[in-house]
Amino acid sequence: MTEENDENEQIALRRQKLAELRQQGNPFPNDFRRNVVAGELHAEYGGRDPAEIETRNVRVKVAGRMMTRRVMGKASFAHLQDMSARIQVYVTRDAVGEKAYEDFKKWDIGDIVGAEGTLFKTKTGELSIKVDEARLLAKSLRPLPEKYHGLTDTETKYRQRYLDLIMSEVARNTFRTRTAIVRAIRRFLDERGFLEVETPMMQVIPGGAAARPFVTHHHALDMSLFLRVAPELYLKRLIVGGFEKVYEINRNFRNEGLSTRHNPEFTMLEFYQAYADYHDLMNLTEEMLRGLARSVLGTETIMYQGDQYDFSKPFRRLTLREAVLHFNPDIREADLDSLDALRRIAARLQVPVKDMYGAGKLQLEIFEKTVESKLKDPTFITSYPTEVSPLARRNDKDPGVTDRFELFVGGREIANGFSELNDAEDQAERFRKQVAEKETGDEEAMHFDEDYVRALEHGMPPTAGEGIGIDRLVMLFTDSPSIRDVLLFPHMRPEK
RNA sequence: GGGCCGUUAGCUCAGUCGGUAGAGCAGCUGGCUUUUAACCAGUUGGUCGGAGGUUCAAAUCCUCCACGGCCCA
């Protein structure tokens, strides 16, 4: 849309009204001060007797966007919506005067209005304000979406989030819940002695996850920089530095496709705790999510897209091998150790496979194809192959797997954690393998980070770390089917 | 990247077999001093996502493109 062709007669008329207002002074005054918001009034007076309210003669000043208007001759009702709620105002010619009432009738739905008056309850019992002074504080030039159906067009909801927020209490609550979740996580970790830190978003060597990075260029230094795909390697440097419990909640960037579960930038919690292992973190995660459900939703039972998930019970735990065998009765345990068998199974499942894939990578591919979406109730999958876990500690009994877990809820990965690899020589060897894979064309393979190995060489205490995808967690807690519903401004292609 | 669906008034949506583009809300005019999807009467508003094509005639059929949604990879 361009400025010329999206004007219509309603906008033109409002512009004309604005032009007339300009003749009478600045139509965008900033000297009105409210002394209360609608929600406070409902909380304080909503349950009180009408007679009591009138006797008290409560004077209030409110401001907000005019969302409804019903003119009945010499008296009108309207609703003002502010950050907390809506409050009805009752405007009459006799109370505000003839001139002011004529002005009021020219205001439009969507205008920002300030009103002063006395509280009362209408005969249907709605708390309202009998207005004796009203002012137009900002003119709205564009008509709002339809009052009953609201804004339903998903594209417009995402592109013009301000309209969605004006029109939809559900949308407003989704983002309030998002903030409540992040706040509760911070409190949970702060209370347990974790230190919140900030580490680089622009990295010389992108590390910490198998993902394709965005590349940018620093002009003064004349060098490429990568937007981070994860903060992991920096947070573990802090563990080496002696900050034994750290966390960061911030944006990651991955140069991959978009879907209902993927946005190019997304928010991740990562936390690291020295002298702990992955079992400790599974326990901590259960406690955190259970507490979140209780404090944010007020229940430990989460409803998501028609399904019910019980967070009060201990989360199920099974190894990746167990999970694959459980959901694939036709696969024998011996198959999982045979490259030939794994390749046959992958072919049958139509999973694209490269020659360089080892048994571990094939197991993971088969797991993702046949198991992941079926893990509805909260489930920890453990013992990921070492081949696909280049930063995780090997299991003491079986060096082919790592002390790692992922948490799934509703068929989606929510968290990924492990006992950290703190053997510098093993880490260097794993990086070399990643580099070899990168050289065969795997764009998601990791770089060799020499400084990170040097940090490990100084000695990192035994540590466990975890990442939790905040957006997916919010989706779950707000019953949102798409990641775009929990991002205020999701990535969209340009309109034109 | 592939498949399916969608795009019509500011918004929410109809639109039959290819034959003059509709409704509700919003807006405008008038009426109405306790309404609340207010009500009553009248009324304005359209490049039917874009570009081609078929046809006497296209919102409608065909092709391509754009954007969005869902599913798959």
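Quick note on labels: first sequence line is chain A, next is B, and so on, each numbered from 1. This is a predicted model, so every value here is computed, not measured.
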request  = Can you tell me the pairing partner of B/rG52 across any strand shown, Watson-Crick or G-U wobble, with both distances under 3.5 angstrom?
outcome  = B/rC62

query = Which pairs, with at least one residue in residues 67-84 of chain A and sequence neighbours excluded, count as a salt bridge (Lys or Arg N to Asp or Glu O under 4.0 Å)?
reply = none

request  = Pick the P atom in B/rA14 and in B/rA51, then give their distance to the nearest Å.
outcome  = 24 Å

query = Do A/R65 and A/Q81 have side-chain atoms, one donor and one acceptor, less than 3.5 Å apart?
reply = no

key: Whole-Å gap separating P (B/rG1) and CD (A/E256)   = 15 Å

ask   = Considering residues at least two apart in sequence or located in another chain, which fulfil the side chain to side chain contact (heavy atoms under 4.5 Å, CB included) criterion with A/D94?
value = A/T92

request  = Could you give the distance separating B/rA23 and B/rC32 at their C1' atoms, to the nearest angstrom?
outcome  = 26 Å

note = Atom CE of A/M67 and atom P of B/rU35 are separated, to the nearest Å, by 22 Å

task = Tell me whether the OP1 or OP2 atom of B/rG69 has a side-chain N or O from A/S259 closer than 4.0 Å.
result = no

ask   = C1' atom, B/rA21 versus B/rA57: distance in rounded Å?
value = 15 Å

message = Filter on salt bridge (Lys or Arg N to Asp or Glu O under 4.0 Å), then keep only pairs touching residues 342-364 of chain A, sequence neighbours left out; what's left?
response = A/D330-A/R348, A/K361-A/E365

note = Applying the 3.5 Å cut-off to both distances, the Watson-Crick or G-U partner of B/rC67 turns out to be B/rG6

ask   = Between A/S140 and A/D111, does any side-chain donor sit less than 3.5 Å from a side-chain acceptor?
value = no

query = Quick one: which of B/rC70, B/rU34, B/rG27 gets closest to the side chain of A/K123?
reply = B/rU34

request  = May I ask you to say what A/K157 touches in the nucleic acid, namely base, sugar-phosphate or nothing, with a heavy-atom cut-off under 4.0 Å?
outcome  = nothing

task = Could you check whether A/T156 gets within reach of a base, just the sugar-phosphate, or nothing at all, counting any heavy atom under 4.0 Å?
result = nothing

inquiry  = Heavy atoms within less than 4.0 Å of RNA chain B: which residues of residues 469-492 of chain A have one? Give them sorted by number.
reply    = A/R484, A/M492

ask   = Can you pull the salt bridge (Lys or Arg N to Asp or Glu O under 4.0 Å) pairs that have at least one residue in residues 26-45 of chain A, sequence neighbours excluded?
value = A/D31-A/R135, A/E44-A/R48

note = Under a 3.5 Å limit on both distances, the Watson-Crick or wobble mate of B/rA37 is none

query = Partners of A/H79 by ring pair (Phe, Tyr, Trp, His ring centres under 6.0 Å), sequence neighbours excluded?
reply = none

request  = Can you sort out the partners of A/R161 under salt bridge (Lys or Arg N to Asp or Glu O under 4.0 Å), two or more places apart, ordered by chain and number?
outcome  = A/D164

query = Across all strands shown, which nucleotide pairs with B/rA57 by Watson-Crick or G-U wobble geometry, both distances under 3.5 Å?
reply = none

ask   = Taking only N and O in the side chain of A/K369, is any of them less than 4.0 Å away from OP1 or OP2 of B/rA73?
value = yes

task = Could you run through nucleotides 37-50 of chain B and give me one letter per nucleotide, 5' to 3': B if any protein heavy atom sits under 4.0 Å from the base, S if only the sugar-phosphate is that close, - if neither?
result = BB-----BS-----

query = What interatomic distance, in whole Å, is found between C1' of B/rA37 and the corresponding atom of B/rC11?
reply = 14 Å

inquiry  = Counting the atoms with a prime plus P, OP1 and OP2 as sugar-phosphate, which does A/K106 contact under 4.0 Å by heavy atoms, base, sugar-phosphate, or nothing?
reply    = nothing

query = Hey, does the side chain of A/K17 come within less than 4.0 Å of B/rC28's phosphate (OP1/OP2), counting only N and O?
reply = yes

Within residues 349-382 of chain A or reaching into it, pairs that qualify as ring-ring contact (aromatic ring centres under 6.0 Å, His included) - sequence neighbours excluded = A/F315-A/F380, A/F367-A/F408, A/F380-A/F405

ask   = Watson-Crick or G-U wobble partner for B/rU20, using a 3.5 Å limit on both distances?
value = none

inquiry  = Contact list please: residues 58-66 of chain A against RNA chain B, heavy atoms, distance less than 4.0 Å, in numerical order.
reply    = none

ask   = Atom CD of A/Q10 and atom C1' of B/rC25: how far apart are they, to the nearest Å?
value = 10 Å

query = Taking atom P of B/rA26 as reference, at what distance in whole Å does atom CG of A/L13 sit?
reply = 16 Å

key: Side-chain N,O (A/R493) to OP1/OP2 (B/rC67) below 4.0 Å   = yes

message = Just to be sure I understand the geometry, which residues of residues 81-96 of chain A put a non-hydrogen atom under 4.0 Å away from RNA chain B?
response = A/Q88, A/Y90, A/T92, A/R93, A/D94

ask   = So what does A/G150 touch, heavy atoms closer than 4.0 Å: a base, only the sugar-phosphate, or nothing?
value = sugar-phosphate

Polar atom pairs (N or O), protein with nucleotides 6-8 of chain B, under 3.5 Å:
none

ask   = According to a strict under-4.0 Å criterion, is A/T154 in side-chain N/O contact with OP1 or OP2 of B/rG69?
value = no

